[in-house]
Each structure stands twice: as C-alpha cells, then as structure tokens.
> 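Quick one: the structure is below, questions incoming.
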Amino acid sequence: MVALSERGCFVLRTNAGVYYDNTGARVSIGFPGLSDLIGCRPDGKFFALEIKMPGEKPRQNQLDYLDHMRSLGAIAGWCSSVEEAIKKVEV
C-alpha cells in the first residue's frame, strides 16, 4: 500500500469474511473473492490486487473476481511482493 501510495495511487485495503461483534452477533463483510487491495492509479485507472504469501496461490473465487475486473477494463492480478504489485499496476 505504501509503495503504491508513494507513486500517486489511491489504495484501499479490503476485508471479506465473517466475524462476531461484541454482542456475539455474526457479521458478514465483503464477499467471497474480493481482492485485498483496490484502488486507482493517478490517471484514474482502477486496479484490484490479490496479495498472497510466496508460494501461495489464489482460490478460484479470487481468480474469478480478477477475471471479472479485467473484463470491465480494470488492472487486476495477484502478487507476492511489493515489486510485483508495482509492476502489475505499472506506476
């Protein structure tokens, strides 16, 4: 996030999943497959990045989301390092 922000991008960290609030109520946020980082480059181009540990692969629902974003004209992909993220977003 910092490296992309330093290059003029607007970046948000998204969360998806289920948690329980302080009353024990189940709260669902996001949706399955939602990318870890979404944002815009300085030129306004939208991007979605799935962040994985080295050697880890995205789940099918994450790949489906990335494919859908690309079909809409967004930059979308998965990466395991800051350098890969910068290269994907090309800033």
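By convention here, the first residue in the shown sequence is residue 1.
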> Treating Ile, Leu, Val, Met, Phe, Trp and Tyr as nodes and any side-chain heavy-atom pair under 4.5 angstrom as an edge, say whether Val2 and Val82 lie in one connected cluster.
no
> Over all heavy atoms of both residues, which pair between Leu66 and Ala76 is shortest? Give the atoms and the distance, please.
O-CB, 3.5 Å
> Which residues end up grouped with Tyr19 if you chain together Ile, Leu, Val, Met, Phe, Trp and Tyr wherever their side-chain heavy atoms are less than 4.5 Å apart?
Val27, Ile29
> Tell me whether Lys57 contacts the main-chain N or O of Lys52 through its side chain, where contact means a donor paired with an acceptor under 3.5 Å.
no
> Would you be so kind as to tabulate the donor-acceptor pairs closer than 3.5 Å made by side chains of residues 32-39, with sequence neighbours excluded?
unit_1	atom_1	unit_2	atom_2	d
Asp36	OD2	Ile51	N	2.8

> Of the non-hydrogen atoms in Pro42 and Gly8, which two are nearest, and what is the gap between them?
CG-O, 3.4 Å
> In chain order, what residues pass the side chain to side chain donor-acceptor pair (under 3.5 Å) check against Glu90, with sequence neighbours excluded?
none
> Measuring from atom NZ of Lys45 to atom SG of Cys9, what distance do you get when rounded to the nearest 0.5 angstrom?
13.0 Å
> Examine Val11 and Leu49 and state if one hydrophobic cluster contains both, with Ile, Leu, Val, Met, Phe, Trp and Tyr joined whenever side-chain heavy atoms are less than 4.5 Å apart.
yes
> Among residues at least two apart in sequence or on other chains, which ones pass side chain to side chain donor-acceptor pair (under 3.5 Å) with Asp21?
Thr23
> How would you list, by chain and number, every residue that makes a salt bridge (Lys or Arg N to Asp or Glu O under 4.0 Å) with Asp67, sequence neighbours excluded?
Arg70
> I'd like to know if the side chain of Glu6 and the backbone of Ala3 have a donor-acceptor N/O pair within less than 3.5 Å.
no
> Under 4.5 Å between side-chain heavy atoms, hopping through other hydrophobics if needed: is there a path connecting Leu12 to Leu4?
no
> Do Arg13 and Met1 come close enough that some side-chain heavy atom pair is under 4.5 Å?
yes
> What residues form a side chain to side chain contact (heavy atoms under 4.5 Å, CB included) with Ser28, not counting sequence neighbours?
Val18
> Could you work out, with side chain to side chain contact (heavy atoms under 4.5 Å, CB included) as the rule, every residue matching Leu63, not counting sequence neighbours?
Pro58, Gln60, Trp78
> Restricting to salt bridge (Lys or Arg N to Asp or Glu O under 4.0 Å), what partner residues turn up for Asp43, sequence neighbours left out?
Arg41
> Among all residues two or more places apart in sequence or in another chain, which pass the ring pair (Phe, Tyr, Trp, His ring centres under 6.0 Å) test with Phe31?
Tyr65
